Amino acid sequence: MAEEVPANPSGGSHESGDQGDQSPRRNFRTPEGFLPITNIFRIMKKVLPRNGKITKDAKETMQECVTEFISFITSETSEMLQNEKRKTINGDDILRAMTTLGFDDYIAPLRMYLRKYREVITL
């Protein structure tokens with residue numbers, strides 16, 4: 001019996017009947033809407049020892065986790081903006097949503113990154 005794939009919190013669905021790839025994930029999901037796996041692999045590889053290896057299953061799982069995380073944060077941010085009758089998400093909104101969702105440990109470094117980013121783009 002096939003495992004049921006949870007719905008995407010952003011309202012879309014990645015379900016697919018594509019049978020071209022034999023991996024279980026490919027039987028349920030299509031890559032549309034996911035970040036490119038090569039980018040995710042590059043990030044993962046940076047923190048591994050030089051001889052460390054990453055399986056295809058691990059890369060695909062991380063790809064799905066990253067996509068779901070982005071959808072989760074964006075959904076919370078969107079809900080906040082709807083309550084405020086606003087339409088445009090900015091970096092501060094993302095950080096506020098992350099605080100609301102309990103990701104407090106990430107706020108300080110992300111706020112520093114956002115500040116530096118804004119300094120660079122105003123040059």
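This structure is a prediction, so every number in the text was calculated from the model and none was measured.
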Do R111 and D92 have side chains that approach each other closer than 4.5 Å (heavy atoms only, starting at C-beta)?
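Yes, close enough: below the 4.5 Å cut-off.
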Counting C-beta onward and ignoring hydrogens, is there a side-chain heavy-atom pair between R118 and R115 closer than 4.5 Å?
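R118 does not reach R115 side chain to side chain.
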Check which hydrophobic residues are tied to Y117 through side-chain heavy-atom contacts below 4.5 Å, counting indirect links as well, and list them.
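Besides Y117, the hydrophobic cluster comprises Y113, I121, listed by chain and residue number.
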Roughly how far, to the nearest 0.5 Å, is [atom2] of [Y] from [atom1] of [X]?
X    : Y    : atom1 : atom2 : result
L114 : N90  : CG    : CG    : 8.0 Å
I94  : T99  : CD1   : OG1   : 11.5 Å
T100 : E79  : OG1   : CD    : 10.0 Å
C65  : I70  : SG    : CD1   : 11.5 Å
F69  : F103 : CZ    : CZ    : 4.5 Å
T77  : D93  : OG1   : CG    : 6.5 Å

Is there a chain of hydrophobic side chains (I, L, V, M, F, W, Y, each step under 4.5 Å between heavy atoms) that links [X] to [Y]?
X   : Y    : value
I73 : I107 : yes
M98 : M112 : no
I43 : V66  : no

Considering residues, nucleotides and ligands other than M62, do more than 12 of their heavy atoms fall under 6.0 Å from its CE?
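Count not over threshold, so no.
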Nearest heavy-atom pair of [X] and [Y]: which atoms, and what distance?
X   : Y   : answer
M44 : I54 : CB-CD1, 3.5 Å
G52 : L48 : C-CD1, 4.2 Å
M80 : A97 : SD-CA, 3.7 Å

Donor-acceptor check, side chain of T67 to backbone of Q63, threshold 3.5 angstrom: yes or no?
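Yes, because the side chain of T67 sits within donor-acceptor range (under 3.5 Å) of the backbone of Q63.
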Counting only N and O atoms by type, is there a donor-acceptor contact under 3.5 Å from the side chain of K87 to the main-chain atoms of L81?
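Such a contact is absent between K87 side chain and L81 backbone.
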Step-by-step side chain to side chain contact (heavy atoms under 4.5 Å, CB included) determination, E60 to T55:
CA-CA 9 Å; E60 290 178 350; T55 65; over 6 Å; no
